[in-house]
Amino acid sequence: EYEPLLAEKDSTEVEIGDDSPLPDDLTRDSLELPALAEPELARHYTRLSGMNYGVDSGPFPLGSCTMKYNPKFTERAAALPEAAVHPDRSAASVQGTLELQAELQDYLGRIGGMDAVTLQPPAGAAGEFTGIRIAAAYHEANGDDRTEVVIPDSAHGTNFATAAMAGFDVVELPSAEDGRVDIDALEAAVGEDTAALMLTNPNTLGLFERDIERVAEIVHDAGGLLYYDGANLNALLGRARPGDMGFDVMHYNVHKTFATPHGGGGPGAGPVGVTEELAEFLPTPHVREQGDDSGYERYEPDRSIGKVHGFSGNWLVLVRAFAYIARLGDAGLADASARAVLNANYLASQIDYEVPYGPFHHEFVASAGEQDAADAAKRMLDYGVHPPTTKWPEIVDEALMTEPTEAESRGSLDDLAAAFDAVAAEDDATLEAAPERTAARRIDQVTAARDPRLSWHALED
Amino acid sequence: EYEPLLAEKDSTEVEIGDDSPLPDDLTRDSLELPALAEPELARHYTRLSGMNYGVDSGPFPLGSCTMKYNPKFTERAAALPEAAVHPDRSAASVQGTLELQAELQDYLGRIGGMDAVTLQPPAGAAGEFTGIRIAAAYHEANGDDRTEVVIPDSAHGTNFATAAMAGFDVVELPSAEDGRVDIDALEAAVGEDTAALMLTNPNTLGLFERDIERVAEIVHDAGGLLYYDGANLNALLGRARPGDMGFDVMHYNVHKTFATPHGGGGPGAGPVGVTEELAEFLPTPHVREQGDDSGYERYEPDRSIGKVHGFSGNWLVLVRAFAYIARLGDAGLADASARAVLNANYLASQIDYEVPYGPFHHEFVASAGEQDAADAAKRMLDYGVHPPTTKWPEIVDEALMTEPTEAESRGSLDDLAAAFDAVAAEDDATLEAAPERTAARRIDQVTAARDPRLSWHALED
Amino acid sequence: MTRQTSGSPYAPGDAADTEAMLDAVGADGVEDLFDIPEPVRFDGEFGIEAHSERDARRLVERTLGRNDELTEFMGRGHYDHYVPALVEDLASRQEFLTSYTQYQPEVAQGFLQALFEYQSMLVELTGLDVANCSMYDAATALGEAATLSQRVRSVSGDRILVPDQLREGKRDVLAAYADGPDLSVETYPTDEGTVDVEGLADALDGDVAMVYAENPTVSGAIEPELGAVGDLADERDALFVLGSDPVALALLERPADVGADVVVGEASALGAGTAYGMGAGLFATREAYLRQVPGRLVGVGEDATERRAFTLTLQTREQHIRKERATSNICTNQALLALRTAIHVATLGPDGLVDLAEDCVVLARDLAARLDEVSGVRAPVNDRHHFREFQARTDQPAAAVASDLESAGFAVHVVGEHRIQVCVTDANEPAVDRFVDAVTEVA
Amino acid sequence: MTRQTSGSPYAPGDAADTEAMLDAVGADGVEDLFDIPEPVRFDGEFGIEAHSERDARRLVERTLGRNDELTEFMGRGHYDHYVPALVEDLASRQEFLTSYTQYQPEVAQGFLQALFEYQSMLVELTGLDVANCSMYDAATALGEAATLSQRVRSVSGDRILVPDQLREGKRDVLAAYADGPDLSVETYPTDEGTVDVEGLADALDGDVAMVYAENPTVSGAIEPELGAVGDLADERDALFVLGSDPVALALLERPADVGADVVVGEASALGAGTAYGMGAGLFATREAYLRQVPGRLVGVGEDATERRAFTLTLQTREQHIRKERATSNICTNQALLALRTAIHVATLGPDGLVDLAEDCVVLARDLAARLDEVSGVRAPVNDRHHFREFQARTDQPAAAVASDLESAGFAVHVVGEHRIQVCVTDANEPAVDRFVDAVTEVA
């Protein structure tokens, strides 16, 4: 399969002519772009789509990335013309939008056990940034100068990067033998400089942090805040809530938990929930129902951290999340978690690779053992399935971090297990030669990075 | 590629229970159907779509079937909720629908040179049935008992079947040496029993019937009517009109001329245009603007032939046709024909197979010569393109009836020519073994027909 | 504003391409390629204005926007059930939407399998042996059944019996199909909205080629004695053709169990929603009549590697092979709607489909009961169980009631001087309270 | 009515499957699999009601339906251009819509190529060397540019200069990004809606790490002296960051030609339409800063058969590899919107895109002239050429004018006590006459 670049099909330069409505010195001279008719473009992108794997193509068991089925009806809900208003519209003229925002804030608060929720962060990492900035503002308001954020070594890379971006020093916390937080190490790491501990629960091994109450106590006693990375919330719906565990701030990943499409990399949304104590620090504008039955309003919380998005975040993604939550309700959400956990446990029980830690919830990390996990993953592509996340977390050798989600049937899990086992039985040479049945064969990423060619202009040389 | 049947994935029988709102003797006992969740269905049909070739997959040069690009915006127009009203709504409450119908009738009348147009026939063949019934009603109204319909041997099979369905005897007209109507044979065939001559122009060889005026004269002098099969109208837009050539009745194929999607076999639409003299025979209800500025009305023409569809035909297909015509306008429609004719001529000039007749317009019929045309077509599949219509019309040996349409670029035509030529150079064994690169290999249709298995129930035996 | 289109925006290539292609062809200009004698050349203009994509959309939208926004309580053969988004999404994939009839099955396995599954669902729903992959609509399917009756019945009879209450659209289409083979369409009486079995028995004789009945009937009533109708037809060797739809078939008596030889109807009651009458004709019958079936059939075969594969089959029945001796002139059918029906059925599953059918009974019963309590209204008129719809008597002229209801935002059928017909499904159910209020107001 | 959902409708399998899977796992029930200590178990209920698909859709539709239907003449960073149906159709294909970040490029060649093409289009539009495949929006792209300026400028300076008229949403986001690295955000003056070059020169010193300007500016004015701004920044070794968008870039001075080091802005001015502020941040820069670029980059490489293939590249800049030393914490970006932008650009082609950009100038000029003729209105306020939008002075309080316009069905920005801002594009152009009438009525 091969599809030429648009520019290889046609490249047409147009002059910005004398008939331009602007004087010459305000305009560029010319513009060169592909000039193709609609039928040609339809084929181009249709063929490109044929070289891309989506959730409807087959299982997509990327641990911690949680690619679950995206219900089609949510696309229709988000496509409503009423959703597409300008963000500067007067509050009086967009009461519907504000009401839906307020409802979603409420939904998310209930689900996370949080008192107030902002919808502004446009992605999970932006949610982290929002949450850590709230923590910073909180300490500053208390006249408390805290410079460190503590993060377990098994945490997502974004946690580290976020803390750094927000101006904090990162204190990395080694895991205990059982893959969980090492309480002694935590006690040693936490102190008067600690602004926050960032934690995922269940963690990236799928393990519930059983000592979460003790963890919270240690951090809170030191005057720090507890930040919940919502990446793994799909494991807990209706079973446990970050707010109840002692977390002060959290973000929700709407594509991971509420089935919004990931769009090949976004847009996402990373709403942030906080306890009542932290509500005054939320970004502006926040939305609330006015007390006197006079509808909904935007307002700036008293000590708002300001903004993390130019407008109000990725609203059309949030509309989908609202629709999903409203579709499932209490029982559906709880069932989603139950089935996600059952599926992960079932799949783990069916594969030959070792799964070193447990009991796990919605995901497990198998070890490819003597095999190279990245090679094993490439080989899985040949069996028509998407492989798990590889080589991470590092606590497991040659990690295959696997999260089937609730959206896979038993039959699909059996197929996936068969793919795992087929690969497990193969030799290194086979794995290194993989994939063989994909649109492109193994791509040499090292060379691509050594001589970066990042546009079709760079190919002309 | 292989995708199990829905019933092979799951088959669940439900009892019609005691809690049914109906007494036992009014209900069936049970119902057995697949019970699959939405994610499984999304994958099932997505995978099936991957085993199907559409216009956006590549060129689709089926002669006389005219698979041209279907503009995406027409889908949006047809999806407007305002288009989806009940057909029994009062005329006063659906003035918008009636206006759009009246506008489309007017558009089509102008394009075909016809005085009145009905939108009711749900497909081209239904249009033929409508037109021939109008001819029958016309003769009957004149007290004229005519029992024969004359049809050239190169005509579409529907013409013959339609005439028979309408109760006429078919008189088949042999083609002349040059592939056109044999005037002598026509004079011999036409007489006092002739109800109508059905003709496609350009004919299925892509040849314009140069003697069309003489043809019309012969038929009209004998008291017969001239019926125009609109299959090849895409060749003539803005260059010639059936009404001007002397045709009394015609149907339009909206997917062939006005780019509505064919949907794997339908729905289509086959509006029928007639001269003023025949307008009183049109199906009921017909739509017209009321004289006194009081909007649009439905009415029954004085001598209406009745109905050919339970309601008003395939309305949502017609909305797309309207949108297409309004998009292109005079210049666009004329350009479409010009480019369709140029593309056919260019492609014919680029291939090695012989093209025996000419000058042709929007399509040509190449001859596979010593090769079996059906085998050659199967082999073309291996080159990633859809083959032309094969083995028809019979006037050309091993016919490859090819119609690229205006929607193919020069590059795409070159690719198509390369596929033709590659196949032309191959031996019979290779052709007989083809296709090799498709979802299914050559399918044995004879055996399938000998032991018909037409449902999954039939597979259980 | 925005780019003006001088040619077709859907024809690729620029002036240089055109030049090069003309060169290759050996023509000076495109017009030279048109071999049209001067006298029949068209030198005029259509007078049709071109529009940008935006404006063409707006034109359609603004024109259709002149329709009144009414909540419809209408049925009588064209039904609205909520269509899951999955149906639209999957059926809109270009591989389905823009494909042609499956004449090259090797690159059409996807659509063929989906149509095979559609046929299978109808076989299950009807209990008959075979179903084709669609006719235009219920009315033309009925017409085709009439011509089938001529081909498969040895009787010399040319009478077709239909209920006196048959919807006129169906009656007229049936008459059109019956005209060619010189069949005579006659009616038999109904009682309380269903077959008057004794009246039918009186009308039935050896000249009858076909008896048609519906379940539910056009007035929404459920037939209480369908088996007796089947027995009568069987006794006189008449083809028993039953009209229904996939929702009703999921719950009501199975056609095979009451002796139906053919089932016709609107398959698109599922999968299409309201579409100004656009539908898809259901056509199922017994194996004995297989080679007389109109329209397309998908069958199972094998490919060269002996793997199961799907193909259009028994094409020798069809017009492109058999010409004037074909079983029908049908070529294009409603394949995409059949696909949509199949996806809708699959989305519901057997539980969901039976639930939906039961809702059709309960909703109609409950709404009739509520309307019956409205002063000036009696409902249902017919002493029958109902499916989706029922007739109601209004003390005021029905036309006035319907017109007042339109002003209040609702559309119903007027079926008699003092009779309206009301249809309720999952689609308009959320508006039932407001509807009852409106009827109370105007009746 | 209709089938009630007790579990998730998106989790396949029935009770028998669950049993079998529990058996395989060795658990008695699903709850046994949750290893959650009792004290933190949640035994309550969310109190969130489940809905059928139909009802969930209706709920969203009814709620959003409470928005007033206004024709918007609004911009200020969030623009509406007609999005061709092709964009929606192609970007909605599940292979794009539901795919993940391209960590396995061998099964993601389609999206990678499309993103590479997007990057290439921005390279052409900006004249710079590289573009990433999107940031969240223009504001966060500006914030990232500020942190980039810290990494690439050797100066010890920590001052960031932005125009005094900068939209507050951008200012606040920039402040958030500037907070961590302790940058100080300061303003320079503007005149007639564009840079006051002398004022900027006065503010610029060796402590300035970055100068930000926009073209067109937030008030819609086209910068007349952009080259001078670039020269000033260059002289002081400050990074020159320019804000724009793909439509404006097609016509206005090419950023590379005026010395821009980074271009940020709203790529989604094409491809998205109005979306309550949802956009896609454009980010392009010089090759010299390549390894300091935030976000994802798609590059060309080769596969094992030496065929060209696409892959995410230079990932060592990113958080999942570099953790706290990454160039940014960004992970998920706006890839689908980048795809949509690319398809929209491709659909327009160079001619169509330039035409559209020229329309933006002409429409704004003509509308300003018409409003200027309205008694009580002066437009444009700024003596500049404009792009899409302009400010107008109203004799009456602007808030009152805007409110009256809302009652008449139109939305505009209030930007001062007696100043409104009006944006006109191909999307709202059909309503211009009605808008002028409304302004005439209320002003």
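Values below: all heavy atoms of this structure, side chains included; hydrogens, waters and symmetry mates excluded. Below, read A as the first sequence line, B as the second, and so on, with proteins coming before strands; counting in each chain starts at 1.
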Proximal component of [X], with respect to chain D [non-hydrogen, under 4.5 Å]:
X	value
A/Ile16	side chain
A/Ile212	side chain
A/Asp29	neither
A/Val170	side chain
A/Phe360	backbone
A/Ser349	side chain
A/Leu413	side chain
A/Arg133	side chain
A/Thr447	neither
A/Ala166	backbone

### Task
With sequence neighbours left out, write down each residue that passes side chain to side chain contact (heavy atoms under 4.5 Å, CB included) with D/Leu97, or none if nothing qualifies.
A/Glu75, A/Pro261, D/Leu336
Side chain, backbone, both or neither of [X] within contact of chain A (heavy atoms, under 4.5 Å):
X	answer
D/Arg365	side chain
D/Asp257	neither
D/Arg57	both
D/Ile321	neither
D/Ala411	side chain
D/Thr147	neither
D/Leu125	both
D/Ile222	side chain
D/Thr98	both
D/Thr63	both
D/Arg76	both
D/Leu252	both
D/Arg167	side chain

Is any side-chain N of the basic residue among [X] and [Y] closer than 4.0 Å to the acidic one's carboxylate O?
X	Y	result
D/Glu72	A/Arg89	yes
A/Glu408	A/Lys68	no
D/Arg66	A/Glu99	yes

Considering only heavy atoms and a distance below 4.5 Å, find which of [options] pairs most often with chain A.
options	answer
D/Leu251, D/Leu297, D/Val123	D/Leu251
D/Asp35, D/Leu339, D/Val300	D/Asp35
D/Lys170, D/Arg41, D/Arg307	D/Arg307
D/Glu69, D/Glu88, D/Arg296, D/Met121	D/Met121
D/Gln104, D/Glu61, D/Glu49, D/Arg62	D/Gln104
D/Glu117, D/Arg93, D/Gln119, D/His385	D/Glu117

Centroid-to-centroid, [X] to [Y], below 6.0 Å?
X	Y	answer
A/His156	A/Trp392	yes
A/Phe311	D/His78	yes
D/Tyr103	D/His320	yes

Return the option, out of [options], with the maximum number of heavy-atom pairs under 4.5 Å with chain D.
options	answer
A/Ala377, A/Gly238, A/Gly313	A/Gly238
A/His361, A/Met245, A/Gln95	A/His361
A/Gln350, A/His386, A/Arg47	A/His386
A/Ala42, A/Ala79, A/Ala7	A/Ala42
A/Tyr2, A/Tyr69, A/Tyr107	A/Tyr107
A/Glu128, A/Glu103, A/His255, A/His44	A/His44

#### Entry: Whether A/Asp330 side chain and D/Phe46 backbone form a donor-acceptor pair below 3.5 Å
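A pair under 3.5 Å: yes.
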Counting C-beta onward and ignoring hydrogens, is there a side-chain heavy-atom pair between [X] and [Y] closer than 4.5 Å?
X	Y	value
A/Leu80	D/Val60	yes
A/Leu31	A/Glu13	no
D/Thr347	D/Ile343	yes

Cut-off 3.5 Å, side chains only: do [X] and [Y] have a donor facing an acceptor?
X	Y	result
D/Gln109	A/Thr438	no
D/Asp68	A/Ser93	no
A/Ser409	A/Ser412	no
D/Asn329	A/Thr158	no

### Point-to-point distance, once rounded to the nearest 0.5 Å, from OG of D/Ser328 to CD of D/Glu318
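The OG atom of D/Ser328 sits 9.0 Å away from the CD atom of D/Glu318.
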### Task
To the nearest 0.5 Å, tell me how far D/Glu253 CD sits from A/Thr27 OG1.
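So the CD of D/Glu253 and the OG1 of A/Thr27 are separated by 8.0 Å.
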### Task
Can you label the angle between the A/His86 ring and the D/His413 ring as parallel, tilted or perpendicular, going by 30° and 60°?
perpendicular
### Message
Tell me if the CD atom of D/Glu45 is crowded by more than 12 foreign heavy atoms within 6.0 Å.
### Response
no
